[in-house]
Amino acid sequence: MQTIHKSATKKNTAIGRPSLPISLTYIALAVAVILVMVMNYRNPISYAIFSTETISYEKGTVLAVTDESIEPADGMPGWDLGTQTLLVKMTSGVQQGEEIQMVNTLSTDHNVRVAVGQAVIIKADRPEGITPYYTIYNYDRTAGLCIVGALFVLFMVAVGRLKGLRSIGGLGISLFFIFGFLLPTIYHGYSPILMSILTAMVIAFFSLLLLNGFSRKTFTAVSATVAGALLSAGFFFLISALLQLSGYNMDGTEELILVSRGTGLQLGQVMFAGVLISSIGAVMDMTMSIASSLDEMKRIHPSLSWRELFSSGLAIGKDMIGTMCQTLVLAFVGSALPTLLVLISYGTQAGQFISSDYVAIEVVQSVAGSLAVISAVPITTGLYIMQAHREEKQTAPSKKIREPIASEHASL
């Protein structure tokens, strides 16, 4: 009887565990990556507002500062203005190994003061038949970014171990599909709404599967994330109509209008793509957290009713909603701090500020994402209960067959 009880327990705990090999995820991911790369190869981005055929950005090292005329900038501590005459050795590009002399101008809007041994990025303009012109574009941050990235990976692996490594993989997947699929397709004129929803689905599918494998909680989180993305679209259109907003109210509209004339870019929908991509991470976090909590509760207390599970899911979500929504709102506000300070300096009045396009856009981004996060709570809970109920019905016949056997062993 004890043996039967253990086997039954194993069967119960197996509900919702991976039912398909994780290798299928890697195969599907590899196919998706190849398709994206082939798409970009066959349909490269060829249209640009400005011609950059004669301009290249190459690496160099400062060998000497032969002359320097520098003075501190008024009201800008640590900021210097003036010029530097430099001797720079090219370390990449067509002039690799050559030494060139150039003037580096330090101004309020471009201030890159260099020293001997400094690695820099050089903007080389080489028009045909004209003497090349060189300027310091910026510091070469390649080594620094590699160190920062290595520290990030080290901390993730040290704390999260295998799941930390998988999380890094999920981040890489997200960035790949955003830069390799979403941006090119939008630029070529495909619907930003459809492309952003598709990208969100792909990111959620692969990121959550790689993190947790094929399981009940993963299926629930992916489904709820997709539903959250669709709801985010609905909230966006509702709020945009209420505030009378369109994509033509965004910053950089003038440049993008030129792009739209050359590529068919659907500028009016670009704002939604930004809203969805900026909030999809929070939605994934919410859905996975609730699904994991409910899955653990169901594993420990398999007799919990669907009402108890639903009540528990809402209680867990209530504790997360406040901080998650604050995260979204504060992230938008934090990125807008410089603009807000500029508006204060212009003497912007309260009524003017509230009715500005800028505030309306920030409200759309913050509220649409927050509403998607809030809606994810009951959606995730409901989907998990439906999935759990379906699996219990599938295993019910096998339990009934084993009961007489258990009785016979007990009588022996």
Discussion item. Quick check against the 3.5 Å criterion: does N111 have a side-chain atom that pairs as donor or acceptor with the backbone of S107?
Written reply: yes

Discussion item. Run the salt bridge (Lys or Arg N to Asp or Glu O under 4.0 Å) test on E58 and R126 for me, step by step, so that the C-alpha distance in whole Å, both residues' side-chain angles and the decisive distance to 0.1 Å come before the verdict.
Written reply: CA-CA 12 Å; E58 301 162 3; R126 303 186 181 94; 2.9 Å; yes

Response to the item:
For residues 138-168, the ring-ring contact (aromatic ring centres under 6.0 Å, His included) pairs (sequence neighbours left out) are none

Worksheet entry | Check: T225/T287 side-chain N/O donor and acceptor closer than 3.5 Å | yes

Worksheet item: Do D285 and S289 have a side chain donor and acceptor closer than 3.5 Å?
Response: yes

Distance-only donor-acceptor hits, side chain of residues 181-194, under 3.5 Å, sequence neighbours excluded:
unit_1 : atom_1 : unit_2 : atom_2 : d
T185   : OG1    : F181   : O      : 2.7
T185   : OG1    : L182   : O      : 2.9
Y187   : OH     : Y47    : O      : 2.8
H188   : NE2    : N43    : O      : 2.9
S191   : OG     : I193   : N      : 3.4
S191   : OG     : L194   : N      : 3.4
S191   : OG     : Q269   : OE1    : 2.8

Discussion item. Looking at every non-hydrogen atom in both residues, tell me the closest pair between P302 and R299 and how far apart they are.
Written reply: CD-O, 3.8 Å

Worksheet item: Are a donor atom and an acceptor atom from the side chains of R166 and S207 found within less than 3.5 Å of each other?
Response: no

Practice prompt. Kindly write out the residues that satisfy salt bridge (Lys or Arg N to Asp or Glu O under 4.0 Å) with E308, not counting sequence neighbours, or none if the list is empty.
Written response: none

Worksheet item: Between CD of Q84 and CD of E68, what distance do you get to the nearest 0.5 Å?
Response: 4.5 Å

Worksheet entry | Residue pairs involving residues 52-97 (criterion ring-ring contact (aromatic ring centres under 6.0 Å, His included); sequence neighbours excluded) | Y57-Y137

Worksheet item: What is the distance from atom OG1 of T380 to atom CD1 of I316, rounded to the nearest 0.5 Å?
Response: 11.0 Å

Worksheet item: Is the side chain of T91 donor-acceptor paired with the backbone N or O of K59 at a distance under 3.5 Å, no angle test?
Response: yes

Response to the item:
Contacts of V116 meeting side chain to side chain contact (heavy atoms under 4.5 Å, CB included) (sequence neighbours excluded), chain-then-number -> V65

Worksheet item: So, N40 side chain and G180 main chain: donor-acceptor pair closer than 3.5 Å or not?
Response: yes

Worksheet entry | Pairs touching residues 260-302 that satisfy ring-ring contact (aromatic ring centres under 6.0 Å, His included), sequence neighbours left out | F236-F272

Worksheet item: Going by distance alone, is a donor N or O of one side chain under 3.5 Å from an acceptor N or O of the other, for E98 and Q95?
Response: yes

Practice prompt. Verify the distance criterion only: is there a donor paired with an acceptor across the side chains of R113 and Q118 at less than 3.5 Å?
Written response: no

